[in-house]
Amino acid sequence: MTIWVKAKIKKIVYWKNNLLKISLKAPINKFIAGQFSKILIKNSSKNKKIQRAYSFVNPPKKKIIKFFITLVKKGEMSKEIMLLKKNEEIFISKNSFGFFTLKEIQPSKNLWMISTGTAIGPFLSILQENNETKKFKKIILIHSVRYFSDLKYLNLIKKLEKKYKKKLIVAITISREKKNKFLYGRITKLFLNKTLEKFIGINMTNKNSNVMLCGNPFMVKEMFNILINEKKMTKNLRKKPGNITRENYW
């Protein structure tokens, strides 16, 4: 049973392309970077409660809770979120959930973090927290968006690059427009034609790498199958550790 606590909205930012950042303050229990929480909003007019799961963008040590959200046209939760204002109260689960954390992954030479859209959130939380990262010699962050304007956390990514120095390698792909200094195309296509590995300068194998997949379920499923068939990798399970850890974003 989910235990709900009140969360006060400290800041809410709406961007074009249906993107939103919401900052909350609430007495939740400490979570592990990479986990998600649940938000609940009461619709008074319809006497209905709506809830959805969202991954934390902030590291556990920060008091302000942050979520990066895609608003869905005609989505029930999206309609309610768009009505929210600063200082209003909503509800958040006191406890957090999920196993998309570095604690669940075995040490390896390389850790590949692959995300689309707002699914960059859990990776930013993990990298800001910086726990368990010593298990990997290199961390490769691959982030894909449709348009350059969707890169709302580009400054934070650049700060993390400086913080980790040569340990963190970043590759950003844009699938619907060409921009200088960024790769063009879908992650799966860039992976199949070897563009990503050439750009990064590392050959991914099932002996030297673990992979975390997060985002669009179609990308996650396609990349999962590619890694199994092309790289002979296996799903990561607690009882049987493997290379691939995944999380769908809807």
Discussion item. Within this structure, what is the NE2-OH distance for the pair His143 and Tyr153, rounded to the nearest 0.5 Å?
Written reply: 10.5 Å

Discussion item. For Gln35 and Thr101: C-alpha separation, side-chain torsions, deciding distance, then whether side chain to side chain contact (heavy atoms under 4.5 Å, CB included) applies.
Written reply: CA-CA 7 Å; Gln35 287 189 313; Thr101 69; 3.9 Å; yes

Worksheet entry | Near-ring test Phe100/Phe123, centroid separation under 6.0 angstrom | yes

Worksheet entry | Spatial distance of atom CG (Leu40) from atom CZ (Arg52) [nearest 0.5 Å] | 10.0 Å

Discussion item. Please check if the number of heavy atoms outside Phe218 that lie under 6.0 Å from its CZ is greater than 12.
Written reply: no

Worksheet entry | Met204/Phe191 under side chain to side chain contact (heavy atoms under 4.5 Å, CB included): CA gap, chis, key distance, verdict | CA-CA 10 Å; Met204 180 197 292; Phe191 189 84; 3.6 Å; yes

Practice prompt. Say whether, by atom type as modelled, one donor and one acceptor occur between the side chain of Lys135 and the main chain of Leu102 under 3.5 angstrom.
Written response: yes

Worksheet item: Can you tell me how far CD1 of Ile90 sits from CD1 of Ile41, rounded to the nearest 0.5 angstrom?
Response: 5.0 Å

Worksheet item: Within a radius of less than 6.0 Å around NZ of Lys25, do more than 12 heavy atoms belonging to other residues, nucleotides or ligands occur?
Response: no

Worksheet entry | N/O donor-acceptor pair under 3.5 Å between Asn236 side chain and Thr245 backbone | no

Fill in: Positive for side chain to side chain donor-acceptor pair (under 3.5 Å) with Ser144, one of Asp150, Thr173, Thr116
Thr173

Practice prompt. Taking atom NZ of Lys6 as the centre, report whether more than 12 heavy atoms of other residues, nucleotides or ligands fall under 6.0 Å from it.
Written response: no

Practice prompt. Count the heavy atoms of every other residue, nucleotide or ligand shown that sit under 6.0 Å from NZ of Lys66, and state whether that count exceeds 12.
Written response: no

Discussion item. Between Glu104 and Arg238 (salt bridge meaning N to carboxylate O under 4.0 Å), is one present in this structure?
Written reply: yes

Practice prompt. Looking only at non-hydrogen atoms, find the nearest pair between Glu177 and Tyr184 and report the distance.
Written response: O-CD1, 3.5 Å

Discussion item. Just verifying a value: how many Å separate Ile139 CD1 and Thr133 OG1, rounded to the nearest 0.5 Å?
Written reply: 5.0 Å

Discussion item. Counting only heavy atoms not in Lys11 (residues, nucleotides, ligands), do more than 12 fall under 6.0 Å from its NZ?
Written reply: no

Discussion item. How close do Phe67 and Ser55 get, counting heavy atoms only, and between which atoms?
Written reply: CD2-O, 3.1 Å

Item to complete: To the nearest 0.5 angstrom, please state how far the NZ atom of Lys103 sits from the CG atom of Asn131.
Response: 8.0 Å

Fill in: Pairs touching residues 84-93 that satisfy side-chain hydrogen bond (donor to acceptor under 3.5 Å, both in side chains), sequence neighbours left out
Ser37-Ser93

Worksheet item: To the nearest 0.5 Å, what is the distance between NZ (Lys79) and NZ (Lys74)?
Response: 8.0 Å

Discussion item. If you take the centroid of each ring, where Trp contributes its six-membered ring, are Tyr54 and Phe36 closer together than 6.0 Å?
Written reply: no

Worksheet item: If you look only at pairs with a residue in residues 200-212, which of them pass as a side-chain hydrogen bond (donor to acceptor under 3.5 Å, both in side chains), with sequence neighbours excluded?
Response: Ser108-Asn210, Trp112-Ser209, Thr205-Asn208

